Each structure stands twice: as structure tokens, then as C-alpha cells.
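The next block holds one structure in the form of C-alpha cells; read it before the comments.
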Amino acid sequence: MHRCNKPSLLAPCTRLRFHTVNMSNSEDPKVTTTPHIVKEELLVEGKWVKLEKTTYVDQAGNTRVWETAKRTTRRSNTEADGVGIIALLKRTLHKDCVVMVKQFRPPLGSFTLEFPAGLIDKGETAEAAALRELKEETGYKGEVVGVTPVTCLDPGLSNSTTHTVLVNINGDDVENIHPVQQLGDGEFVEVILLPLDGFQAKIDDLLRREKIVADAKVYIFAMGMAQAFFKPRELPVLKQ
């Protein structure tokens with residue numbers, strides 16, 4: 001396996017090999033067909049979300065029913081509902097920081113720690129949506145340095161999808177020294193800067209001090225960064 005000597009947040013190693021392990025179980029139902037959707041029936045629809053009854057055929061040929069939540073705002077000719085933004089603030093004589101947002105989320109009845117994010121408007125690219133949402137929610141102006149493919153968010157519940165956009169912010173730029181949010185009516189977003197150095201530990205400390213829930217994407221990113229910068233003597237070397 002190719003190994004990057006110096007892991008970087010915004011310059012990931014590109015030469016990776018993935019291995020698929022085939023596992024079988026004699027008790028598993030015999031696969032006889034390709035799973036597919038038969039029909040989708042609307043149960044209830046609100047302004048932003050709708051609930052559908054999804055009838056599908058599984059691998060064993062059985063017809064089954066699923067309850068599916070969908071956004072009503074997905075634009076035509078796109079596979080993604082929105083964007084999530086991993087923004088890295090770089091300033092002279094300061095540690096690099098990840099720009100986070102804290103806001104109250106009614107479904108949880110709690111404050112959450114998240115990456116800046118938002119829906120893609122009609123005619124927007126993922127890059128343009130990310131820069132717009134970053135400016136609105138945090139006040140920072142950034143530069144896009146990477147975009148992921150379309151990824152799912154909670155596939156057991158919803159068809160909601162997103163692009164994760166990597167952004168660099170020049171903190172020495174005049175516009176970014178005193179950033180001004182451009183929030184809409186009813187939006188209350190607190191900007192939180194967490195140093196990339198010891199990122200997971202900083203999140204753990206915040207969770208201990210405040211009644212707040214970390215978004216799964218945030219915490220998984222933090223775990224990934226912790227693994228990227230681990231000391232070789234602390235973990236066994238993986239061989240293939």
C-alpha cells in the first residue's frame with residue numbers, strides 16, 4: 001500500500017488500494033434478483049420534507065415496504081440536496097483552525113456542533129453553494145480546494161445527499177479579520193473555531209462542558225485526523 005509520509009487535511013493521498021472481502025453464509029437467503037424499487041407513494045408532504053411509502057423487491061425476490069423521508073427542495077438535474085463545508089482558517093502566528101457552527105436543532109431539541117452547510121440553490125454548483133453558505137453562516141470568504149462525489153447522509157431513513165467541499169480561508173485577508181455573518185430571518189448560528197491540532201480532544205472537551213451533540217460527520221472527521229497524525233510507536237504497524 002502506498003503511504004503518505006505527511007498527511008494533510010487538504011492534500012489527501014490519492015494512490016490508495018481497496019480490498020473487497022467476499023463473505024458467505026449457508027443460511028443466507030439465495031440471491032435470485034437485483035433489488036429494485038417498484039413504486040413510491042406519497043403519504044404526507046410539508047414545506048421542506050415529505051414521507052413516502054417505498055415498495056421494493058429485495059435480493060431474494062421478496063416484495064417489501066419501506067418508509068422513506070425526502071426533501072422537497074432537491075433541484076432538477078442534480079443528485080445532491082446540499083453541501084457540507086470543511087473550512088480551514090489559516091492565519092499568521094496562529095494555529096490552523098476548523099470553522100464550526102453551533103445552532104439549535106428542533107428535531108433533537110438540542111444544540112449541535114456541525115460543519116457549515118446548506119442546500120444548493122437552482123443553477124448553483126456545489127462550489128458556489130459552499131462559498132455562499134460559508135459566507136452567510138460564518139462571514140468568512142474562502143477558496144474551494146476540493147469537492148467530494150455525491151455522498152448519502154442517513155440512507156436507512158432518507159435519500160438525502162450532499163457534497164463535502166474543502167475550503168481554505170486566508171485569515172490575514174482584510175475581509176476575514178472581522179467576518180460578518182449574513183444570516184436570514186430565524187437563523188441563529190454561533191461560529192466556533194477549533195484548532196486542527198488536537199481536534200478530537202478539543203471536541204471532547206467541548207462536549208463535556210456544554211449540552212451539545214456533535215454531528216456524526218464532524219466526529220468521524222476528528223477521528224480520522226487523530227489517526228492520520230498518530231505516532232507509529234503507539235499503534236501496531238499494519239502489514240499487507
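None of these values were measured; they are calculated from a predicted model.
Between the side chain of Thr164 and the main chain of Thr148, no donor-acceptor pair closer than 3.5 Å is present. Checking side-chain atoms of Asn176 against main-chain N and O of Asn170 turns up a donor-acceptor pair under 3.5 Å. A donor-acceptor pair under 3.5 Å is formed between the side chain of Thr72 and the backbone N or O of Lys47. A donor-acceptor pair under 3.5 Å is formed between the side chain of Asp172 and the backbone N or O of Thr92. For Thr162 (side chain) and Gly82 (main-chain N/O), a donor-acceptor pair under 3.5 Å exists by modelled atom type. A donor-acceptor contact shorter than 3.5 Å links the side chain of Ser158 to the backbone of Ala69.
Val145 is connected to Val98 through a chain of hydrophobic side-chain contacts under 4.5 Å among Ile, Leu, Val, Met, Phe, Trp and Tyr, so both are in one cluster. Following chains of ILVMFWY side-chain contacts shorter than 4.5 Å, one can reach Val167 starting from Leu193, so the two form part of one hydrophobic cluster. Note on Ile212: it clusters hydrophobically with Phe115, by side-chain heavy-atom contacts below 4.5 Å among ILVMFWY residues. Clustering ILVMFWY residues whenever any of their side-chain heavy atoms sit less than 4.5 angstrom apart, transitively, puts Val218 in a cluster other than the one holding Ile220. Clustering ILVMFWY residues whenever any of their side-chain heavy atoms sit less than 4.5 angstrom apart, transitively, puts Phe111 in the very cluster that holds Leu207.
To the nearest 0.5 Å, the span separating CD on Gln103 from CG on Leu113 amounts to 10.0 Å. Between the CG atom of Leu131 and the NZ atom of Lys141 there is a distance of 9.5 Å, given to the nearest 0.5 Å. In this structure, the separation between CE on Met100 and CG on Leu206 is 9.0 Å, given to the nearest 0.5 Å. Here CG of Leu93 is found 10.5 Å from CZ of Arg91. Values are rounded to the nearest 0.5 Å. Rounded to the nearest 0.5 angstrom, Arg132 CZ and Leu119 CG are separated by 8.5 Å. Rounded to the nearest 0.5 Å, atoms CD (Glu40) and NZ (Lys70) are 3.5 Å apart.
Of all heavy-atom pairs between Trp66 and Gly156, the closest is NE1-O, 3.0 Å. Heavy atoms only, all atoms of each residue included: Glu133 and Ala117 are closest at OE1-O, 3.5 Å. Scanning all heavy atoms of the two residues, the minimum distance from Thr138 to Gln181 falls at C-CG, 3.8 Å. When all heavy atoms of Glu137 and Val191 are compared, the closest pair comes out as O-CG2, 3.8 Å. Across Ile85 and Leu134, no two heavy atoms sit closer than the pair CD1-N, 4.0 Å. Taking both residues in full, the closest heavy atoms of Leu194 and Lys202 are given as CD2-CB, 4.3 Å, listed atom of the first, atom of the second, then distance.
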| field | Derivation of the side chain to side chain contact (heavy atoms under 4.5 Å, CB included) call for His163 and Val150 | value | CA-CA 5 Å; His163 290 283; Val150 175; 3.4 Å; yes
| request: Show the numbers, then the answer: is there a side chain to side chain contact (heavy atoms under 4.5 Å, CB included) between Asp215 and Thr112? | output: CA-CA 7 Å; Asp215 184 281; Thr112 59; 5.9 Å; no
| field | side chain to side chain contact (heavy atoms under 4.5 Å, CB included) assessment of Gln200 paired with Met223 | value | CA-CA 6 Å; Gln200 184 179 358; Met223 294 174 67; 3.9 Å; yes
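Cluster note: Val38 groups with Val57 through ILVMFWY side-chain heavy atoms spaced under 4.5 Å, whether in direct contact or through intervening members. Through chains of ILVMFWY side-chain contacts below 4.5 Å, Leu183 is grouped with Val101, Val189.
The environment of His36 atom NE2 is dense: over 12 non-hydrogen atoms of other residues, nucleotides or ligands sit within 6.0 angstrom. Atom CD of Glu67 has 12 or fewer neighbouring heavy atoms from other residues, nucleotides or ligands inside a 6.0 Å radius.
Tested against Thr161 for a side chain to side chain donor-acceptor pair (under 3.5 Å), the candidates Glu79, Arg71, Arg74 yield a single pass: Arg74.
Thr55 has its side chain within reach of Glu41: a pair of non-hydrogen atoms, C-beta onward, lies under 4.5 Å apart. Within the 4.5 Å cutoff, the side chain of Lys135 has no heavy atoms near those of the Tyr140 side chain.
Between the side chains of Asp204 and Tyr219, at least one donor N or O sits under 3.5 Å from an acceptor N or O.
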